[in-house]
Colleague: 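Input: one structure, supplied below.
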There are 2 protein chains.
Amino acid sequence: MRIGELAARAGTTTRTLRYYEARGLLPARRDDKGHRTYDEGDLRLLRQIRTLQDFGFDLEETRPFVECLRAGHPEGDSCPASLLVYRRKLDELDALIGQLTAVRETVAGQLRRAERARDALAAEALVPGGPEPVCELGGLTR
Amino acid sequence: MRIGELAARAGTTTRTLRYYEARGLLPARRDDKGHRTYDEGDLRLLRQIRTLQDFGFDLEETRPFVECLRAGHPEGDSCPASLLVYRRKLDELDALIGQLTAVRETVAGQLRRAERARDALAAEALVPGGPEPVCELGGLTR
DNA sequence: GCTTGCCTTGACGCCGACGTCAACACCTAC
DNA sequence: GTAGGTGTTGACGTCGGCGTCAAGGCAAGC
């Protein structure tokens with residue numbers, strides 16, 4: 001199979017495959033015309049890469065999985081190096097999710113505070129005899 | 001105050017300030033020597049920008065807050081446009097956290113599965129009269 | 001013969017938020 | 001005088017994962 005077919009079967013592009021080869025991740029054999037040739041095993045490697053990429057793994061993080069498969073192991077994660085990557089990624093995800101959740105709460109708090117301040121100003125402006133409006137209130141009044 | 005002092009007081013760099021000016025976010029007055037000059041108000045604007053940046057807001061997303069402050073409002077989020085950015089960011093964060101959490105669970109499941117497979121293989125290898133080891137088990141055996 | 005389609009290599013573009021370096025001007029201190 | 005610290009503009013580099021274009025080769029079909 002040549003590069004176009006492999007790309008199509010994996011749902012990616014030829015540019016991506018050439019990039020992987022340049023990175024040493026998915027080397028290709030060549031036919032007599034200098035065209036890259038791949039087999040079903042390469043498709044398996046490629047699918048492993050793409051799956052991990054979809055999970056947010058860096059390309060370099062997929063390397064242990066690919067090498068594990070190429071070494072003849074039944075799965076990309078049949079090797080200790082792959083398990084280490086899994087654990088490292090889990091730690092990263094936990095840290096990131098924690099940070100994002102904290103930011104989310106902070107932003108939500110800021111939004112509530114800002115909305116209360118806005119409503120307080122709007123209420124004040126409606127009180128007869130209350131303080132006269134200072135400025136245009138950011139478009140709220142019209 | 002000149003650019004170096006403002007940068008130091010905001011805990012950032014002169015390069016960053018020049019970048020903000022180039023983006024039209026934080027324009028500077030000039031003194032007779034062509035040097036940028038800033039006042040305390042600019043420091044306030046800059047701190048608003050940096051706070052939002054720390055939360056993961058894009059530079060463009062900080063613009064409504066900066067313009068709100070520059071329009072004389074008491075806070076950067078005293079304007080409706082800023083509240084919209086807050087809400088959009090909350091939605092983004094929720095979506096992102098949801099995706100990351102799903103990925104986290106998937107990866108955790110993969111890790112558990114791979115560890116079970118590894119342990120099963122190791123146990124098999126220890127059974128007297130069991131199947132002979134196929135290969136080197138990815139470094140587990142030594 | 002000519003177009004179409006697949007392949008090749010090489011090289012630049014992109015995104016965001018700056019870092020870094022070059023080459024120069026200015027002021028102060030020693 | 002000169003070294004050091006401040007400022008200026010301009011321009012290229014960074015990171016990852018490719019997209020996109022250029023210029024060319026080789027085969028099949030009309």
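Order of the sequence lines fixes the chain letters, A, B, ..., with proteins taken first and strands second; residue numbering starts at 1 for each chain.
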Colleague: Considering only residues two or more places apart or on different chains, which pairs with a residue in residues 19-55 of chain B satisfy disulfide (SG to SG under 2.5 Å)?
Modeller: none
Colleague: Write down the distance between CG (B:L26) and P (C:dC18), rounded to a whole number of angstrom.
Modeller: 12 Å
Colleague: For B:T101, enumerate each residue passing the side-chain hydrogen bond (donor to acceptor under 3.5 Å, both in side chains) test, keeping only those at least two apart in sequence or located in another chain.
Modeller: none
Colleague: Going by side-chain heavy atoms closer than 4.5 Å, which hydrophobic residues are tied to B:L84, directly or by a chain of links?
Modeller: none
Colleague: Quick one about A:T14 and A:R18 (side-chain donor to acceptor, distance below 3.5 Å, no hydrogens or angles considered), yes or no?
Modeller: yes
Colleague: Where along residues 44-64 of chain A does a heavy atom come under 4.0 Å from DNA chain D, residue by residue in number order?
Modeller: A:R50, A:Q53, A:D58, A:L59
Colleague: Send over the distance from A:E21 CD to C:dT8 C1', rounded to a whole Å.
Modeller: 11 Å
Colleague: Checking B:T106 now: which residues fulfil side-chain hydrogen bond (donor to acceptor under 3.5 Å, both in side chains) with it, not counting sequence neighbours?
Modeller: none
Colleague: Distance check: side-chain N/O of A:T14 vs OP1/OP2 of C:dC7, anything under 4.0 Å?
Modeller: no
Colleague: C:dG19 phosphate, OP1 or OP2: any side-chain N/O from B:Y19 under 4.0 angstrom?
Modeller: no
Colleague: With heavy atoms under 4.0 Å as the rule, sort B:R18 into base, sugar-phosphate or nothing.
Modeller: base
Colleague: Of all residues at least two apart in sequence or in a different chain, which pass the side chain to side chain contact (heavy atoms under 4.5 Å, CB included) check with B:E5?
Modeller: B:M1, B:R9
Colleague: Can you name the side chain to side chain contact (heavy atoms under 4.5 Å, CB included) partners of A:D91, sequence neighbours left out?
Modeller: none
Colleague: Between N or O atoms, less than 3.5 Å apart, protein on one side and nucleotides 20-29 of chain C on the other: list the pairs.
Modeller:
from, atom 1, to, atom 2, distance (Å)
C:dT20, O4, B:R15, NE, 3.1

Colleague: Sequence neighbours left out, what pairs pass ring-ring contact (aromatic ring centres under 6.0 Å, His included) with at least one residue falling in residues 12-66 of chain A?
Modeller: A:F65-A:Y86
Colleague: Is any side-chain heavy atom of B:D42 closer than 4.5 Å to one of B:T37?
Modeller: no
Colleague: With salt bridge (Lys or Arg N to Asp or Glu O under 4.0 Å) as the rule and sequence neighbours excluded, what pairs involving residues 98-109 of chain A come up?
Modeller: A:R104-B:D94
Colleague: Can you tell me which residue pairs pass the salt bridge (Lys or Arg N to Asp or Glu O under 4.0 Å) test with a partner in residues 61-72 of chain B, sequence neighbours excluded?
Modeller: B:E60-B:R63, B:E61-B:R88, B:E61-B:K89
Colleague: Identify the 5'-most and 3'-most nucleotides of DNA chain D with at least one atom closer than 4.0 Å to a non-hydrogen atom of chain A.
Modeller: D:dG17 to D:dT20
